[in-house]
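Since the structure comes first, as structure tokens, the remarks are kept for the end.
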There are 2 protein chains.
Amino acid sequence: MSTTAPSDDIGTRLRLVRQIYGLTQRELARRAGVTNGAISLIEQNRVSPSISSLKKILDGIPLSLADFFTHNFAASDQVFFAAAELTEIAFGETVSMRMVGGNLKERALQMLQETYQPGADTGEEMLRHQGEECGIIVSGSLTVTVGAQEKTLQPGDAYYFRSDIPHRFRNPGPASCQLISASSPPSF
Amino acid sequence: MSTTAPSDDIGTRLRLVRQIYGLTQRELARRAGVTNGAISLIEQNRVSPSISSLKKILDGIPLSLADFFTHNFAASDQVFFAAAELTEIAFGETVSMRMVGGNLKERALQMLQETYQPGADTGEEMLRHQGEECGIIVSGSLTVTVGAQEKTLQPGDAYYFRSDIPHRFRNPGPASCQLISASSPPSF
DNA sequence: TCCCGGCGTTTAGAATACTTAACAATTTTG
DNA sequence: CAAAATTGTTAAGTATTCTAAACGCCGGGA
């Protein structure tokens with residue numbers, strides 16, 4: 001019953017959200033049906049808006065009151081990640097991953113660039129966890145086992161399954177295999 | 001980025017929360033440092049409170065703005081569950097569970113009364129999932145394996161582990177085993 | 001350079017929220 | 001049962017928010 005409380009500095013919060021969405025005070029005011037002056041005063045914390053006003057304004061973005069108070073907008077400002085910025089994760093000698101946005105908080109999604117060396121295998125005791133996952137082979141080939149099904153995927157091929165179905169990845173070929181995967185929620 | 005938006009009927013919402021917490025308008029007003037009249041007007045939707053007022057009022061409960069807008073208070077009104085109301089879940093012939101609050105939405109916690117018949121076994125391919133779990137043996141005995149550790153628990157004994165550590169439950173004895181377990185988040 | 005358009009800010013007045021103090025209805029208590 | 005305390009609601013006045021219209025600032029184009 002206890003969500004981490006965001007700062008009650010509504011003004012800064014609103015200004016941040018507005019700028020993230022690339023709106024000017026006047027443009028947002030027009031969409032929301034309020035005056036630009038009101039938004040200015042609120043953003044300076046010179047007034048404490050009524051719920052009805054705040055709701056009108058957020059509707060112009062659009063964003064729900066719940067999302068406005070729940071999410072930590074300050075923490076999620078990085079949008080683009082250079083290849084060198086991806087977080088490296090290694091599993092033994094044969095499997096390595098590069099994660100997008102490893103520094104972000106409260107992610108709902110995880111995207112990885114994975115590399116399987118020849119012979120790499122996640123092991124016979126199948127992987128199982130909550131959520132769903134999906135991937136596309138970029139180069140090389142990969143044998144994917146999901147429940148009773150098994151297939152060797154070539155570049156361009158893809159998979160999608162509920163992660164609670166036992167699954168396993170192996171690289172049978174002589175070349176290393178690269179793929180891009182996404183899963184939700186993140187498992188690390 | 002999109003949470004399910006609660007009704008924007010702030011008045012009804014506030015009245016519901018206040019009553020759930022067993023407070024009168026005057027008592028809440030006293031704690032919050034506002035007048036009972038203000039709370040009355042807000043609850044009737046005759047005014048749309050300012051954020052500052054609403055925050056003061058919620059502080060008197062106490063409840064954060066984020067929680068106020070996020071949670072679905074109307075849905076979580078059942079507090080007591082008769083034995084007959086527990087939801088039955090069966091796994092094969094040897095394991096059965098009875099869940100508390102199976103009808104509730106947005107649970108953060110799952111509590112089960114589990115029964116393992118003699119010889120019951122969750123299997124060699126160990127269980128793994130997100131969260132944490134905990135249990136206490138009520139009757140009979142149960143062999144619990146968690147990672148490299150294994151122990152046969154007697155009535156009164158308990159366990160607690162991160163659910164991502166592979167685990168397994170078996171009933172080695174001649175009698176059936178009952179236990180009470182809790183896990184978070186719920187896995188079904 | 002000057003003008004134009006857009007930006008956020010400010011001010012005076014209209015609209016709304018909040019307080020104070022009373023009221024009626026119900027429950028508690030002696 | 002009657003007195004007293006407690007509950008939610010309401011009316012009038014005060015405090016606050018919001019609107020309308022102006023201000024000063026900055027950058028781009030004749």
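Chain A is the first sequence line, chain B the second, and so forth, proteins listed ahead of strands; every chain is numbered from 1.
The distance between atom NZ of A:Lys55 and atom P of D:dC18, rounded to the nearest whole Å, is 15 Å. Straight-line distance from the CG atom of A:Leu28 to the C1' atom of C:dG6: 16 Å, rounded to whole Å. Atoms CZ (B:Arg46) and P (C:dC18) sit 13 Å apart, rounded to a whole Å. Distance A:Asn45 CG to D:dT17 C1': 14 Å, rounded to the nearest Å. Put simply, CD on B:Glu27 is 11 Å from P on D:dT6, counting in whole angstrom units. In this structure, CG of A:Leu23 is placed 16 Å from P of C:dG6, rounded to the nearest angstrom. Between the CG atom of B:Leu41 and the P atom of C:dA15 there is a distance of 20 Å, rounded to whole Å. Rounded to whole angstrom, the span from the CG atom of A:Leu54 across to the P atom of C:dA17 amounts to 14 Å.
Interface remark: the A:Arg26 side chain does not form any donor-acceptor pair with the C:dG6 base, using a distance-only criterion of under 3.5 Å. Side-chain atoms of B:Asn36 stay outside donor-acceptor range of the base of D:dT7, with no qualifying N/O pair under 3.5 Å.
Between B:Ser53 and the phosphate of C:dC18, there is a side-chain N or O to OP1/OP2 separation shorter than 4.0 Å. Using a 4.0 Å cut-off, some side-chain N or O of A:Gln44 falls inside it from OP1 or OP2 of C:dT10. Of the side-chain N and O atoms in B:Thr35, none sit less than 4.0 angstrom from OP1 or OP2 of C:dC18.
A:Leu14 contributes atom CG, which lies 9.5 Å from atom CD of A:Gln19 (distance to the nearest 0.5 angstrom). The structure places CZ of B:Arg15 at 12.0 Å from CG of B:Leu28, a figure rounded to the nearest 0.5 Å. To the nearest 0.5 Å, atom CZ of residue A:Arg31 and atom CZ of residue A:Arg26 are 16.0 Å apart.
Closest approach to the A:Arg15 side chain among C:dG8, D:dC18, C:dC18 is made by C:dG8 (side chain taken as heavy atoms from C-beta onward). Checking C:dT19, C:dA17, D:dT9 against the side-chain heavy atoms of B:Gln25 singles out D:dT9 as nearest. Residue B:Ala38 has its side chain nearest to C:dC18 when only C:dA17, D:dT19, C:dC18 are considered.
Within 4.0 Å (heavy atoms only), B:Thr24 reaches sugar-phosphate atoms of the nucleic acid but no base atom. Among the heavy atoms of the strands lying under 4.0 Å from B:Ser50 are primed sugar atoms or P, OP1, OP2 only; no base atom is included.
For the pair A:Asp9 and A:Arg13, the salt-bridge criterion is not met [side-chain N within less than 4.0 Å of a carboxylate O].
Comparing B:Pro49 and A:Ile39, the nucleotide of DNA chain C nearest to each residue sits closer to the 5' end for A:Ile39.
Residues A:Asn171 and A:Gln117 are not in side-chain contact: their nearest non-hydrogen atoms beyond the backbone lie 4.5 Å or more apart.
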